[in-house]
Amino acid sequence: MRHLISLTDLTDDELYALVARGAEFAAGAVAEPLRDAIVGVYFRRTSTRTRTAFTSGALRLGARTITFGPDDLQLNTGESTEDTGRVLSGMLDLLVARTADATDELRSWAAAGPMSVVNAMSAEEHPTQGLTDLTTLHCHFGRIEGLRVLYVGEGNNSAAALALALTRYPDTELELRTPPGYGLAPDILATAAEQAARSGAKLSEQHDMAALPAGFDAVYTTRWQTTGTSKPTADWRTVFAPFQVTGALWENSPEAVFLHDLPAHRGEEVTAEVLDGPASLAFTQATHKLHSAMAVLEWCRAAGRP
Ligand SMILES: NC(=O)OP(=O)(O)O
């Protein structure tokens, strides 16, 4: 069975193929590889984009779907993760799950039986967001190699996925500017750095906005309050304030596009002028969640239960 729990589960070629396939779906490719498949969609945390993308994507690819809300499964009354996986894997071909907790639970379900498991966002990583982001860059620039991306904001699960995805591509550059105390998790940073050393990408993280290089191809930010998390300190807004993305960032990168994983909060992490301005691809990026979800579902099904 194929699972997508972390982008590190993918080979370079699998990652490149998923991004390229997402772009093909964006260009109008039609396929029904999930005909006769049953896809479970279990979201324990709120979602507008990812849940809709995977449900719509599964239906478009010919599947039927079963949706579980946060209070629906007997996990809530004490049934074990392992027993839940044994039961679901006997009935579903594929499970798309957002837990916002550690990925251990997803790995347990992946090991339970013949059911592919897709991580629709966990505490550590948001892998399908990373695929969406690269599909968006691929569709806009026609390539990913050589692109220079500035990421401004919390080193959250979307930032982790971006770092784990982009550093697989030769000659790319990812400059992270994260608030002090809110950087990328050390293990993610180390893995991304290893990948960059292998691919020839550049990766750096700094905890201020000083001395920004010029000429980025894309500026990316994310919401300040990541789904399913809370901030450990009361004064976090003071720490985050210098990291708001404003039009001033375009003085040194006039050609840069703007990316945002959404939901957005105008006046917090980004100004309305940027989010709704001519450089913004944020809502195109949201639409590409559907296309990359279709690529992931198709890829899982290609090695799945007949
Ligand atoms: N970016 C993202 O994952 O959006 P949702 O939380 O709405 O799914």
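Both ligands and their constituent atoms are indexed starting at 1 by order of listing. These numbers were taken from a predicted model, which means no experiment stands behind them. Heavy atoms only: backbone and side chains are in, while hydrogens, waters and symmetry mates are out.
- If you check the side chains of Asn157 and Glu124, you find no donor sitting under 3.5 Å from an acceptor.
- When Arg223, Gln129, Arg49, His126 are each tested for a side-chain hydrogen bond (donor to acceptor under 3.5 Å, both in side chains) with Asp261, only one passes: Arg223.
- Judged as a side chain to side chain donor-acceptor pair (under 3.5 Å), the pairs with a partner in residues 179-194 (not counting sequence neighbours) are, in order, Tyr182-Thr233.
- Listed by chain and number, the hydrophobic cluster partners of Phe283 are Leu150, Val152, Met209, Leu212, Phe216, Val219, Phe243, Val245, Leu249, Trp250, Phe258, Leu262, Val270, Val274, Leu275, where partners are ILVMFWY side chains within reach of under 4.5 Å, directly or through others.
- Near ligand 1, heavy-atom contacts under 4.0 Å come from Ser47, Thr48, Arg49, Thr50, Arg98, His126, Gln129, Asp261, Leu262, Lys289.
- For the residue pair Glu125 / Ser122, no side-chain donor-acceptor distance below 3.5 Å is found, with atom types taken as modelled.
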Distance-only check: which donor-acceptor pairs under 3.5 Å involve side-chain atoms of residues 136-145, not counting sequence neighbours?
residue, atom, partner, partner atom, Å
Thr136, OG1, Thr132, O, 2.8
Arg143, NH1, Glu145, O, 2.7

